[in-house]
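Here is the structure we will look at.
Residue numbers count from 1 along this sequence. Numbering of ligands and ligand atoms starts at 1, following listing order.
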Amino acid sequence: MKLEELERASSAARSRGAQTVVVVGLGFVGTAVAANLSRVDGRRAFFVIGLDRDDEAGRAKAASLDRGEPPCFADDPALATTLRAAAESPRNIAGTVDLDALAQADLVVVCINLDLVREPGQVQRLSCAVDGCAAVLREIGRRIRPGTLVSVESTLPLGASDVKLYPALCLGAREAGRDVDADPPLYAYCYERVMPGPKYLESVNSYWRAFAGIDERSAESARRFLERIVDTDRFPLWRHKQVRAAEMAKLLENTYRAVNIALVDEWARLAEAAGVDLFDVIASIRLRRGTHDNLMSPGLGVGGYCLTKDALLAAWGAEELLAVEAALPFARQAILTNERMPLRAFEALEAHFQGQTSGKRVALLGVTYRPEVADTRSSPSEILARRLLSAGATVLPWDPLVARWEELPLLAMAPSAAQALEGADAAVICIPDRAWTPWLAALLAGRLAPGALVVDPWNLAADALAPHVASGRLSLFVYGRGDLRGPSAP
Ligand SMILES: NC(=O)c1ccc[n+]([C@@H]2O[C@H](COP(=O)([O-])OP(=O)(O)OC[C@H]3O[C@@H](n4cnc5c(N)ncnc54)[C@H](O)[C@@H]3O)[C@@H](O)[C@H]2O)c1
């Protein structure tokens, strides 16, 4: 929408009692946040403006939202239907790349990405472009009216809010001629816990949310906002004492998950060496509800935008922004361990092909980082595919949700699982999609070349494949299933 139209639509919304919210960053999080805001109180509460960068990708996302279409694809049909309804007259959603739209805001919600940059295989030399995020806050400060709450939902390095972002917001406000000592800008940190998958939209408003304000006014303003957009009867809010505590909470909860996964990988190796079925072990331990029921299972690895970086954002922020020591050995080791997990599949292939993986055709079933999510960022399949390609193998990827693999665009996606598997020398089940269970084992046995290796890191098809393994038709390697290999297996 053009700026003049936005101004008209926003003032029309104001005259019927609605507030204007500008959502900055229309990625996976911003898409769900914008959609959720657009439906609050049956579309009467907010006029939602989605703002993205003025580059090709950002313009395309803003244009999608403006048409009432999700700027990012997530496998939740509710996103599309909600946004379509919001774009119908009288519309309460719009997209733009014009920063001046911020002048219309009664509330600003920041959902931009903060990438952690490092070379794979090491976790000491890190960088994060927090100054880029601070520059966004400065632009916001220059344009918003006094009394506008700026609520940041992006995952931040420890210390970012009070060391970088709030000072930048204040600087922008000063540049716009405001007396920030007399009337400080309102800033809250309300980290997002949106859960990718078929209940993506619901996870924004039907889940526990936490927040903190830079001062009391900001915290109260954030509380009032969250109470309108979250089902707080079922999911009461948690107010942190400081914005830094809220930053740490988000980083620790994702680090906890990453460490849990890394721990199980260590025990998967032990179970394989000791001839034990780790899935049997874990199923028994999980019966201890309340203390042990979230112990993870073995798998190909960890992917997505969050679990692969957040533990390191804590370390980077502590050291670079707060100048405090942050060895965090568990956190750093978890990231390294998880990053290496997909390479265990490569090692199994190398062992099977006796070091002659070059020229072999390897099918990868699933290239996203989890079932029912179309997000391919940092997927374990990517690590495995790159390793296979560097070894000279032919990689045959298939994924029901991915037509083009953004990170590896030269690899053509197979149109079906059957076509990926046809005559292949090996297959790796890269995501644990239970919807595949009814047909997976038969397809693997029917399509792969005789003697092919199936790597099943999740134990998804192992039992169904047993007769084909027993007959010598296929070989099988399952992470953590030492019982299938025997204690003396390599
Ligand atoms: N993806 C998740 O499931 C999830 C869950 C919880 C928290 N988070 C956190 O939320 C944040 C966003 O994640 P995401 O997955 O949506 O990222 P994303 O990369 O999908 O989206 C970020 C969006 O911000 C836009 N952007 C970047 N700089 C901008 C600028 N200067 N002005 C306007 N727009 C700008 C980008 O163009 C992009 O559209 C991250 O900090 C992430 O760690 C993500």
Exercise. Exactly which residues line ligand 1, taking a heavy atom under 4.0 Å from it as the test?
Worked result: V24, G25, L26, G27, F28, V29, D52, R53, K61, C111, I112, N113, V136, S154, T155, E192, V194, P196, K250, Y305, C306, K309, R377

For this session: For residues 112-137, pull every pair meeting salt bridge (charged side-chain N to carboxylate O under 4.0 Å, His left out), keeping only residues two or more places apart or in separate chains.
Result: R118-E339, D131-K164

Exercise. Which atom names give the shortest non-hydrogen contact between P70 and A80, and what distance separates them?
Worked result: CG-CA, 3.9 Å

Problem set entry | Parallel, tilted or perpendicular: rings of F28 and Y200 (30°, 60°) | perpendicular

For this session: Please identify each residue that fulfils side chain to side chain contact (heavy atoms under 4.5 Å, CB included) with A345, with sequence neighbours left out.
Result: L300, L384, V428, V455, Y479

Seminar exercise, completed: Contacts of E407 meeting side chain to side chain contact (heavy atoms under 4.5 Å, CB included) (sequence neighbours excluded), chain-then-number -> T376, R377, E382, R386, W405

Exercise. Does a side chain donor of either Y191 or N254 reach within less than 3.5 Å of an acceptor in the other side chain?
Worked result: no

